[in-house]
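Worksheet: the structure to be examined is printed underneath.
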Amino acid sequence: MKKGVSGMRPTTWNPFSEIKTLRDQMNKFLDETFHSPEGIELQPSVDIFEEGEEIVAKVNIPGIDPEKVEIMISEDTLIVQGEVTEERQMDEEGYHKLERQTGRFKRTISLPFKVEREAASASAEHGVLEIRMPKSEEEIEKITRLEIND
């Protein structure tokens, strides 16, 4: 019979301890990433849909001056970026809660069709940026619409 090493106790693996450690590491990573000194990376909500022979993107930009937003379009990608800034003193008396975020934002969206970027247009109303991009002729020619036979 073999003798065990004296003074050593068997250890029991606890999966919940491993999960807690992983959760703590993820929380630390997310806090450092999204609350970095450079500011919070904002992600405005975006809707993309077809309307006739156009692709339409609606981007929520409440409180952002549309002139401070940059829009770039390639034939299959839309990039919307800018910065949310606000003049306020964090140590100013009277504040009870600060939730509105400031910082840079950038959304890169793959478009479902190739578009005619030179013919695209943008407008903003009530904090919603609307970008209209006509589908390219190549994409329009690829579409076949079928009638349903009775």
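Note that these values count all heavy atoms, side chains included, but never hydrogens, waters or copies made by symmetry.
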Here the gap from S123 atom OG to E130 atom CD, rounded to the nearest 0.5 Å, amounts to 5.0 Å
Legend entry - 4.5 Å side-chain heavy-atom contact, I131 and I73: yes
Minimal heavy-atom distance between P66 and A124, with the atoms involved, is CG-CB, 3.7 Å
What one should report as the nearest heavy-atom pair of G52 and K135 is O-NZ, 3.6 Å
Heavy-atom side-chain proximity of P112 to I55 below 4.5 angstrom: yes
For I61 and F105, the nearest pair of non-hydrogen atoms, with its separation, is CG2-CZ, 4.5 Å
Residue pairs meeting side chain to side chain donor-acceptor pair (under 3.5 Å), one or both in residues 65-74, sequence neighbours left out, come to E70-Q81, S74-D76
Students should find that the hydrophobic cluster of I148, defined by side-chain heavy atoms under 4.5 Å apart, otherwise consists of none
Taken to the nearest 0.5 Å, the spacing of E116 CD from E137 CD works out to 6.5 Å
Within the structure provided, determine whether E50 and V56 are in side-chain contact (heavy-atom separation under 4.5 Å). no
(Q) Within the structure provided, determine whether L78 and V46 are in side-chain contact (heavy-atom separation under 4.5 Å). (A) no
The reported gap from OG1 in T77 to CG in L111 (rounded to nearest 0.5 angstrom) is 6.0 Å
> Just wondering, are more than 12 heavy atoms of other shown residues or ligands nearer than 6.0 Å to CD in E53?
Replying inline: no
Connected via hydrophobic side-chain network under 4.5 Å: V69 and V128: no
Side-chain heavy-atom pair K106, R104 within 4.5 angstrom cut-off = no
Open item on the list: Treating R107 as the side-chain partner and P44 as the backbone partner, does any N or O pair qualify as donor plus acceptor under 3.5 Å?
Closed with: yes
